[in-house]
Visitor: 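Please find one structure pasted underneath; my questions will follow.
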Amino acid sequence: MGSIEIIRDHSLPHHQIIRLADELMLDIAEEYNLKLEWRGDKLHIQHAHTRGYLHADAESIRIKLKLGILLFPVSFVLKQSIEETLDELLPKAACSYR
């Protein structure tokens with residue numbers, strides 16, 4: 001099994017980071033056929049071969065996924081896709097990498 005973890009610090013208002021997180025994961029969900037469900041500030045992510053969450057709060061956005069063996073070969077591509085989309089959506093002035 002593989003895993004993906006992405007963290008970006010930000011200085012955006014709460015409502016804006018939640019909207020951005022939603023937009024980010026809707027794009028990714030369509031591409032990889034993921035099921036999404038918001039519970040508070042956590043967006044739970046499920047697929048037959050992966051599970052995880054996106055957590056957005058006042059200081060950071062964190063994406064953590066556990067990939068099943070069938071998705072392990074595409075883990076690099078999936079992580080890169082999420083990072084590129086996140087970098088496009090987050091204003092550079094409001095973001096820092098961890």
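What you see is a predicted model; the values in this text were computed from it and never measured. Note: hydrogens, waters and symmetry copies are ignored here, and every other heavy atom, side chains too, is used.
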Visitor: What do the steps show when you test L65 against I6 for side chain to side chain contact (heavy atoms under 4.5 Å, CB included), and what is the final call?
Guide: CA-CA 9 Å; L65 298 172; I6 301 167; over 6 Å; no
Visitor: Any chance you could measure E23, atom CD, to M25, atom CE, to the nearest 0.5 Å?
Guide: 12.5 Å
Visitor: Mind checking what makes side chain to side chain donor-acceptor pair (under 3.5 Å) contact with H14, not counting sequence neighbours?
Guide: D41
Visitor: Side-chain contact, heavy-atom cut-off 4.5 Å: R8 with L86?
Guide: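 The answer is yes; the side chains approach within 4.5 Å.
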Visitor: In chain order, what residues pass the salt bridge (Lys or Arg N to Asp or Glu O under 4.0 Å) check against E83, with sequence neighbours excluded?
Guide: none
Visitor: Mind checking what makes side-chain contact (heavy atoms from CB on, under 4.5 Å) contact with E31, not counting sequence neighbours?
Guide: S81
Visitor: Is the shortest side-chain heavy-atom distance between L12 and L90 below 4.5 Å?
Guide: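 SC-SC contact between L12 and L90 confirmed.
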Visitor: Working to the nearest 0.5 Å, report the span between CZ of R62 and CD of E5.
Guide: 5.0 Å
Visitor: Can you find a pair of side-chain heavy atoms, one from I28 and one from I45, that are under 4.5 Å apart?
Guide: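 Contact flag for I28/I45 side chains = no.
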Visitor: Can L67 and L78 be said to form a side chain to side chain contact (heavy atoms under 4.5 Å, CB included), step by step?
Guide: CA-CA 10 Å; L67 305 176; L78 178 58; 3.9 Å; yes
Visitor: Start with the C-alpha distance between R19 and I17, add both sets of side-chain angles, then the distance that settles side chain to side chain contact (heavy atoms under 4.5 Å, CB included), and finish with yes or no.
Guide: CA-CA 5 Å; R19 189 178 72 231; I17 198 66; over 6 Å; no
Visitor: Any side-chain heavy atom of D27 sitting closer than 4.5 Å to one from Y32?
Guide: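 Sidechains of Y32 and D27: no contact.
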Visitor: Not counting sequence neighbours, which residues clear side chain to side chain donor-acceptor pair (under 3.5 Å) with D22? List them please.
Guide: W38
Visitor: Looking at every heavy atom in both S75 and I4, which two are closest together, and how far apart are they?
Guide: O-CD1, 3.6 Å
Visitor: Is there a path of hydrophobic side-chain contacts, each under 4.5 Å between heavy atoms of I/L/V/M/F/W/Y residues, joining L34 to L26?
Guide: yes
Visitor: So L54 and L24, do their side chains get closer than 4.5 Å, heavy atoms only?
Guide: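 Heavy-atom side-chain distance check passes, below 4.5 Å.
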Visitor: Does the side chain of I63 reach to within under 4.5 Å of the side chain of I7, using non-hydrogen atoms?
Guide: no
Visitor: Just wondering, more than 12 heavy atoms not from Q46 lying within 6.0 Å of its CD?
Guide: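 Open.
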Visitor: Run the salt bridge (Lys or Arg N to Asp or Glu O under 4.0 Å) test against E30 and tell me which residues pass, sequence neighbours left out.
Guide: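 E30: no salt bridge (Lys or Arg N to Asp or Glu O under 4.0 Å) contacts found.
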Visitor: Using a strict cut-off of less than 4.0 Å between a Lys/Arg side-chain nitrogen and an Asp/Glu carboxylate oxygen, indicate whether K35 and E37 qualify as a salt bridge.
Guide: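 No, no charged N to carboxylate O under 4.0 Å.
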Visitor: Can you pull the ring-ring contact (aromatic ring centres under 6.0 Å, His included) pairs that have at least one residue in residues 39-68, sequence neighbours excluded?
Guide: H47-H49
